[in-house]
**Student:** 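Here it is: the structure, laid out below.
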There are 2 protein chains.
Amino acid sequence: MFHTRPLVVEKSAIEPCSACAARPYSVCSAIDDKDLSRLAALAQIITPAAGRSFIEEGDPAEHFFNITGGTAKLFKLLPDGRRQITGFAGVGHFLGLAVSTTYAFGAEAIEPMRVCRFSRPRLRSLLEDFPALERRLLEVASNELVMAQEQMLLLGRKTARERVASFLIARADGQTPRPAYCTHVSRPSAVWLPMTRSDIADYLGLTIETVSRTFTRLRSERLIETPSPSEVVIRDHAGLERLATGME
Amino acid sequence: MFHTRPLVVEKSAIEPCSACAARPYSVCSAIDDKDLSRLAALAQIITPAAGRSFIEEGDPAEHFFNITGGTAKLFKLLPDGRRQITGFAGVGHFLGLAVSTTYAFGAEAIEPMRVCRFSRPRLRSLLEDFPALERRLLEVASNELVMAQEQMLLLGRKTARERVASFLIARADGQTPRPAYCTHVSRPSAVWLPMTRSDIADYLGLTIETVSRTFTRLRSERLIETPSPSEVVIRDHAGLERLATGME
DNA sequence: GCGCGGCGTTGACGCAAATCAAGGGTCCGG
DNA sequence: CCGGACCCTTGATTTGCGTCAACGCCGCGC
């Protein structure tokens, strides 16, 4: 495992928010250029290595986080070690909204990350001054809620094949925002999977073995190809989508 | 089933928000007395009968809803009829947050209801004038998100017994906010279940039969009593809680 | 180069929950 | 008072996925 040592690397003033590549995707886009310096003054940048935890479920919630690079898995645990990954958070993702005083989930980097960190009380005062930021956060939270409901449908009612198909479709749609006019076109598209089979299993409520077997079966049915374990090519997007939505 | 006829019954001006019993529990508590008349002017009250749908998944999202009486089930469907209930919404609950232009879920009354309805564009303008309302909504959404994550853990990783136990504990804790000093006390507490076994099954990702059998088993283990199908008495709260959290 | 630990795949087997089936209770309309 | 539509419960049987086990691959430290 990984040792616990301080993660703070730099004050963001060194690399101000104005040059932040993640800004257009993140909640920070709600802040005007002229006010960015105030935001920058509040932020610390941490760069967790792959495999490194940076939020522990149950710890006092002292910070908000804004991901500007890499990907994390968010998860909840049962006392005996069973794990449910509730989501993967990439660039632009905002973490730590909960009103509670402790974190409701843990977070661990699955790729080297770059994360902006804000102390909660300070961000609260910022929220008072920038209603637009609050509006943006509400938007984000609403979207997450919709995705959470979709995931509940998956976990409660879909078969293993449907779960894996849904996962791949969601990944494909999320990472390649393709123009509307070719939405239905069934052409191969590559999907990158930075997480392990174990992570996918814990996200889909399955076991490693079932995930692996399902990939194998989808491959034998010519729905996908797997050039490498972390790379999937969707050969029949429409077919996979029908499968994902339980239409066959 | 039920016919589709208009549900609107009265303008809320007839029974103004100031007298609303649900106000302290709902987002409306963020609005001052002096501004309530403006809120009241925007609201329509509908009273769906038990079994009546009042939100259809996929329909254009024209309204926000605020529940002031009764209980609804919220659900998502697969094309072949499989159903996942994503939550039960009672007094004070706010529905329709999604930024999308269509509803992401359906809603149906399980008891006779009383619901305040606001048109979306109008409420948007209201939000601009009352930042406190926006803050309150963000709070609500954050809480829902935490609960959704908890439910994902349940659906993805808990056994049937653990799911039913979790459900009962959540119901017991939610409906009877008991003083802190008797939190751990193992004394019987009654839980009212307005929903059918089928609803419980669809909420927990199980079948009716499994839910029924699990109740029977918990009863034979003296953890609960079931005076009637819609009434459960928790005899061993601590034991049920251990079971719910996977500790045995 | 070699041993080792983590990851992914595959096969054999077992089990928890789904499915299939039957019966009893309650409510309601005719 | 009776028939039918729901509910809920219980039993018998099936099955999808989990569990257990073995093995190959790859990267890494020594």
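By convention in this document, chain letters (A, B, ...) are assigned in the order of the sequence lines, proteins followed by strands, and residues within each chain are numbered from 1.
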**Student:** Does the distance from a Lys or Arg side-chain N to an Asp or Glu carboxylate O, for A/Glu162 and B/Arg82, drop under 4.0 Å?
**Tutor:** yes
**Student:** For DNA chain C, which nucleotides open and close the run of contacts to chain A, 5' to 3', at under 4.0 angstrom from a non-hydrogen atom?
**Tutor:**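 Going 5' to 3' along DNA chain C, contacts run C/dG8 to C/dA12.
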**Student:** Would you classify B/Ser212 as touching base, sugar-phosphate or nothing, given that sugar-phosphate means primed atoms plus P, OP1 and OP2, and contacts are heavy atoms under 4.0 Å?
**Tutor:**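 The residue B/Ser212 makes base contact.
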**Student:** Atom CG of B/Leu218 to atom C1' of D/dT9: distance rounded to whole Å?
**Tutor:**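 Nearest whole value for this atom pair: 15 Å.
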**Student:** Report yes if the side chains of B/Glu241 and B/Leu243 come closer than 4.5 Å at any heavy-atom pair, otherwise no.
**Tutor:** no
**Student:** Just by distance, do the side chain of B/Arg157 and the backbone of A/Arg83 share a donor-acceptor pair under 3.5 Å?
**Tutor:** yes
**Student:** Salt bridge check, A/Glu57 against A/Lys76: does any charged N sit closer than 4.0 Å to a carboxylate O?
**Tutor:** yes
**Student:** Rounded to whole angstrom units, what separation is found between the CD atom of A/Glu209 and the C1' atom of D/dG16?
**Tutor:**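 These atoms are roughly 14 Å apart.
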**Student:** If only side-chain N and O atoms of B/Thr216 are considered, is one of them under 4.0 Å from the OP1 or OP2 phosphate oxygen of D/dT10?
**Tutor:** yes
**Student:** Can you find an N or O donor on one side and an acceptor on the other, under 3.5 Å apart, linking the side chain of A/Arg213 with the base of D/dG16?
**Tutor:**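 Absent.
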**Student:** Can you name the one residue among A/Leu77, A/Leu155, A/Leu74 that meets side chain to side chain contact (heavy atoms under 4.5 Å, CB included) with A/Gln84?
**Tutor:** A/Leu155
**Student:** Tell me the interatomic distance from B/Arg157, atom CZ, to D/dC17, atom C1', rounded to whole angstroms.
**Tutor:** 11 Å
**Student:** Just how far, in rounded Å, is P of D/dC8 from CZ of B/Arg219?
**Tutor:**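 The answer, rounded to whole Å, is 13 Å.
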**Student:** Rounded to the nearest 0.5 Å, what's the gap from OG on A/Ser189 to CZ on A/Arg171? Could you check?
**Tutor:**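 CZ of A/Arg171 is found 13.0 Å from OG of A/Ser189.
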**Student:** From CE of B/Met195 over to P of D/dC7, roughly how many Å is that when rounded to an integer?
**Tutor:**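 One finds 14 Å between P of D/dC7 and CE of B/Met195, rounded.
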**Student:** In whole angstrom, what separates B/Phe215's CZ from D/dT9's P?
**Tutor:**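 The answer, rounded to whole Å, is 8 Å.
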**Student:** Quick one: A/Leu206 CG to D/dT19 C1', roughly how many Å, whole number?
**Tutor:**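 That distance rounds to 14 Å.
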**Student:** Report the end-to-end axis angle of the helix from C/dG1-D/dC30 to C/dG30-D/dC1; each axis comes from five terminal pairs, and the value is rounded to 10°.
**Tutor:**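 Answer for the end axes of this duplex: 30°.
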**Student:** Quickly work out the A/Glu162 CD to D/dG16 C1' distance and round it to whole Å.
**Tutor:** 12 Å
**Student:** Under a plain distance cut-off of 3.5 Å, with no hydrogens placed, do B/Arg161 and B/Thr214 share a side-chain donor-acceptor pair?
**Tutor:** no
**Student:** Say whether A/Ser166 and A/Lys158, considering side chains only, have a donor N or O and an acceptor N or O under 3.5 Å apart.
**Tutor:**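 Result is yes, a qualifying pair exists.
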**Student:** Does A/Tyr203 have A/Arg163 sitting over its ring (NZ/CZ under 6.0 Å from centre, angle to axis within 45°)?
**Tutor:**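 No.
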